[in-house]
Amino acid sequence: MGQEVEIGRYTKDANQQLPVEVDLDEGQVEVPEEGGEVKKGPLNHIPEKGKELSVEELFAATEVPPWWAQITVRGVLISILLGFLFCIITLKLSLTTGIIPSLNVSAGLLGFFFIKSWTVLLSRFGIGHTPFTRQENTVIQTCVVACYGLAFSGGFGSYILGMDQRSYDNANSGNVSSADSNTDIKNPGLGWLIGYIFAVGFLGLVSVVPLRKIMIIDYKLTYPSGTATAVLINSFHTPSGAEQARKQINCLGKFFSFSFLWSFFKWFYSGGDGCGFDNFPSLGLKAFKNKFYFDFSMTYVGAGMICPHLVNCSLLFGAIVSWGLMWPLINDRAGDWYPAGLPASNLKGLYGYKVFVAIALILGDGLYNFVKIFYVTITSFYRQHKKLHQLPVSSDQNGNEELPPDEQRRNAMFMKDRIPFTLAAALYVALAAISIGVIPKIFHQMKWYYVFISYIVAPVLGFCNAYGTGLTDWSLASTYGKLGLFIFSAWAGKNGGVIVGLASCGVMMVIVACSADLMQDFKTGYLTLSSPRSMFASQVLGTVMGCIMAPLSFWLFWSAFPIGDPSGEYTAPYAVLYREMAVIGVQGFSALPKHCLELCYGFFIFAIVTNLIREKVPPKVTQYIPLPMAMAIPFYLGPYFAIDMCVGSAIVFVWQRRNRRKSDVYVPAVASGLICGDGVWTLPSAILALAKVKPPICMLFLSEKAAENLPI
């Protein structure tokens with residue numbers, strides 16, 4: 001223990017920085033403001049001597065602005081900038097690996113950086129400005145998350161892209177099957193993409209809004225990601241937290257610059273097929289042939305630093321099982337299990353095993369977690385309902401007098417600016433009616449009653465997903481989407497069943513994902529005293545931005561790069577997977593190569609059994625059991641990105657061993673800088689590609705024998 005000092009009559013350890021000064025005799029708190037001024041205000045709750053101040057006691061002297069003042073012009077401008085950046089990053093990840101880590105913390109950190117930099121600049125020139133509050137920070141973060149969320153749930157790397165000609169060709173190698181007809185093709189067009197996202201993007205916002213009090217106040221669901229983001233934002237806006245945030249921002253800037261310049265450097269050496277650092281045989285040419293190599297991608301390294309160690313190790317384990325063992329052994333069976341000499345993307349050959357075994361793992365894991373979360377949701381909801389005797393939809397009589405002062409203040413603020421149930425219901429009906437009229441015009445195979453039934457079921461699934469996410473922090477939006485995909489593709493059959501399944505998947509997935517994101521943001525707003533109205537308004541604004549920016553960002557990729565090319569940079573692995581799921585829904589398993597169905601059954605059961613074992617063993621053992629969903633991705637895509645992510649995981653592991661406290665502070669900043677720097681480089685590289693400017697150098701790696709035969 002360090003020496004103790006007394007401030008007023010509040011005792012605190014001198015080794016810890018006290019962000020405020022407290023006079024307990026007068027019940028006053030003094031909070032340092034920007035520019036060195038000190039603001040004094042009343043303490044709502046006087047702490048006992050020697051006791052830490054609570055979060056809301058730290059902010060007791062800071063007035064909470066009205067909901068409309070929490071949405072500022074500068075905040076909207078920063079949200080637009082960050083929304084576009086995060087759409088680019090999300091799409092790059094969707095079109096390469098399909099693994100997208102949570103970027104909520106990065107959004108909060110960058111929002112703080114830009115606004116704080118602006119206010120400091122104005123202060124230096126003696127220009128007055130509105131103080132930057134934690135509520136404004138929360139609104140910016142919410143807006144950005146709503147925007148880039150549509151880049152994921154909009155299906156630009158999965159179900160939407162699965163409709164195009166290249167995905168059809170990759171799945172069929174030019175051979176028309178009875179189930180996957182060449183009439184079930186719809187190539188991307190900027191106009192219909194924007195129209196489609198506008199048609200489906202807003203219903204998730206209003207589907208669960210009336211239940212926000214039940215979720216946040218009555219059932220006290222944790223929403224871990226939303227809570228973590230709120231803790232971060234609250235810490236930024238105390239003097240000690242602001243100093244830490246400044247150090248994090250400096251760290252982020254350094255690694256952002258490094259990542260951007262490294263990507264620029266790599267570009268110079270990629271002037272041809274198979275050239276550059278992205279094809280560096282770091283583990284040898286034999287391993288490179290089976291996609292075991294480190295490709296120097298800062299995006300994947302950063303993603304690996306954010307993702308848990310278990311996810312990264314599961315990816316690598318799946319890569320070793322598939323590309324290290326299974327595919328070489330099955331490849332030796334060419335001519336026996338499947339015809340030899342087939343194109344690399346023919347589903348009758350090795351490619352079919354890669355696709356369908358990966359699908360089996362995904363479906364097994366998804367089915368288990370769907371049943372588990374659904375069961376947990378229903379049982380927990382029943383217990384809470386029984387405890388409360390009735391659903392407290394409008395009553396606010398929950399014994400607030402017995403609650404801690406912080407919770408009382410948050411509850412009062414959360415219920416102050418209500419969003420009427422009738423308004424939410426009317427908006428849902430109106431938006432659903434518009435969507436029912438628009439979607440069949442975009443996809444002629446879709447009948448109006450398919451959309452109508454989707455919108456009846458979607459709010460129920462949205463509630464289940466929002467509730468389950470609050471308990472486990474695991475959104476099953478893609479699983480609910482796949483459920484709709486199978487049901488509607490089987491219902492439509494050979495009369496456009498593939499397009500119907502993919503489009504229905506999108507309708508369900510957008511609503512269900514948005515419902516969970518909305519509740520996460522409400523939890524963040526609840527813990528930062530942000531008005532529900534300002535949160536909802538920022539969600540609407542972010543959705544409008546996403547409906548425009550997500551298709552525009554995708555169109556940039558689509559115009560500049562060969563999206564979906566199995567040998568290219570943007571392979572879009574989930575496009576083929578989603579299309580083949582729709583084909584299975586229409587036709588069943590009759591078109592699989594020899595022994596593929598048995599392997600699918602085996603891995604489907606493996607996924608369920610593995611999850612059951614994970615539930616039964618102690619937590620210290622669970623951390624060594626792989627996640628089947630993570631294992632499935634490299635089965636189809638290859639190990640290279642898993643190696644990159646494990647490098648990121650190894651950096652975090654070593655850093656934690658050397659200095660756990662420092663790593664906890666700086667890992668999010670380093671990872672965000674690496675991801676954002678590489679993501680920003682995507683924009684100039686796309687412009688160069690559109691301008692037909694090619695890299696000047698091809699750095700190619702060959703065996704000694706192949707090099708000797710080069711005509712030099």
Side-chain angles (χ1 to χ4, degrees), residues 155 158-164 167-168 171-172 175-186 196 200 347 352 355-371 374 435-436 439-440 442-458 460-462 464-465 476-512 574-593 596-598 600-601 603-605 607-608 632:
S158 53
Y159 59 85
I160 288 291
L161 202 57
M163 301 178 185
D164 81 329
S167 295
Y168 170 82
N172 296 281
N175 298 319
V176 179
S177 71
S178 58
D180 195 2
S181 170
N182 57 11
T183 60
D184 282 338
I185 294 173
K186 189 170 184 64
Y196 170 74
V200 301
L347 285 172
V355 170
F356 290 109
V357 172
I359 290 174
L361 270 173
I362 291 171
L363 293 180
D365 188 89
L367 178 64
Y368 174 85
N369 283 289
F370 172 79
V371 173
F374 191 79
S435 186
I436 290 170
I439 290 179
I442 298 175
F443 308 106
H444 65 85
Q445 297 92 336
M446 284 283 288
K447 306 300 182 185
W448 68 268
Y449 46 84
Y450 294 150
V451 187
F452 177 75
I453 292 174
S454 297
Y455 286 147
I456 291 177
V457 176
V460 178
L461 299 182
C464 293
N465 193 45
L476 296 179
S478 60
T479 301
Y480 288 109
K482 295 183 189 84
L483 179 66
L485 185 153
F486 281 112
I487 291 173
F488 284 98
S489 60
W491 185 3
K494 296 180 180 178
N495 298 317
V498 173
I499 293 292
V500 169
L502 293 170
S504 300
C505 170
V507 171
M508 306 281 280
M509 189 168 165
V510 171
I511 294 177
V512 172
Y574 276 99
V576 171
L577 293 178
Y578 271 71
R579 186 175 188 94
E580 287 306 320
M581 289 182 198
V583 172
I584 291 174
V586 173
Q587 156 177 303
F589 297 98
S590 59
L592 300 184
C596 185
L597 186 58
E598 291 87 342
C600 290
Y601 285 145
F603 278 95
F604 182 86
I605 295 171
I608 295 176

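Only a predicted model underlies this, so the values are computations on that prediction, with no experimental measurement involved.
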Nearest heavy-atom pair of [X] and [Y]: which atoms, and what distance?
{"X": "Ser435", "Y": "Pro440", "result": "O-CD, 4.1 Å"}
{"X": "Met509", "Y": "Ala477", "result": "CG-O, 3.8 Å"}
{"X": "Val498", "Y": "Val586", "result": "N-CG2, 4.0 Å"}
{"X": "Val500", "Y": "Phe488", "result": "CG1-O, 3.7 Å"}
{"X": "Cys596", "Y": "Phe356", "result": "SG-CB, 3.9 Å"}
{"X": "Val451", "Y": "Ile436", "result": "CG1-CG1, 3.9 Å"}

Kindly assign one of parallel, tilted or perpendicular to the pair Phe443 and Tyr196, based on the angle between their ring planes and the thresholds 30° and 60°.
perpendicular
Can you classify the ring geometry of Tyr450 versus Trp491 as parallel (below 30°), tilted (30 to 60°) or perpendicular (above 60°)?
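Tyr450 vs Trp491 ring planes: perpendicular.
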[atom1] of [X] to [atom2] of [Y]: how many Å apart, nearest 0.5 Å?
{"X": "Ile499", "Y": "Met163", "atom1": "CD1", "atom2": "CE", "result": "5.0 Å"}
{"X": "Ile453", "Y": "Ile487", "atom1": "CD1", "atom2": "CD1", "result": "10.5 Å"}
{"X": "Tyr480", "Y": "Ile511", "atom1": "OH", "atom2": "CD1", "result": "13.5 Å"}
{"X": "Phe604", "Y": "Ile362", "atom1": "CZ", "atom2": "CD1", "result": "12.5 Å"}
{"X": "Leu361", "Y": "Ile605", "atom1": "CG", "atom2": "CD1", "result": "12.0 Å"}
{"X": "Lys482", "Y": "Ile359", "atom1": "NZ", "atom2": "CD1", "result": "10.0 Å"}

Val200 side chain near Tyr455 side chain, heavy-atom distance below 4.5 Å:
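Yes; the side chains approach each other to less than 4.5 Å.
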Is the shortest heavy-atom distance from the side chain of Glu580 to the side chain of Val583 under 4.5 Å?
yes
Do the side chain of Ser167 and the main chain of Leu161 share a donor and acceptor less than 3.5 angstrom apart?
yes
Check for a donor-acceptor pair, side chain of Lys186 on one end and backbone N or O of Ile442 on the other, with a separation under 3.5 Å.
yes
Would you check, one step at a time, whether the test side-chain contact (heavy atoms from CB on, under 4.5 Å) holds for Ile584 with Met581?
CA-CA 5 Å; Ile584 291 174; Met581 289 182 198; 5.6 Å; no
Should Val457 and Met508 be marked as a side-chain contact (heavy atoms from CB on, under 4.5 Å) after you check the CA-CA gap, both sets of side-chain angles, and the distance that decides it?
CA-CA 9 Å; Val457 176; Met508 306 281 280; 4.2 Å; yes
Please lay out, stage by stage, how Tyr159 and Leu485 fare under the test side-chain contact (heavy atoms from CB on, under 4.5 Å).
CA-CA 9 Å; Tyr159 59 85; Leu485 185 153; 5.6 Å; no
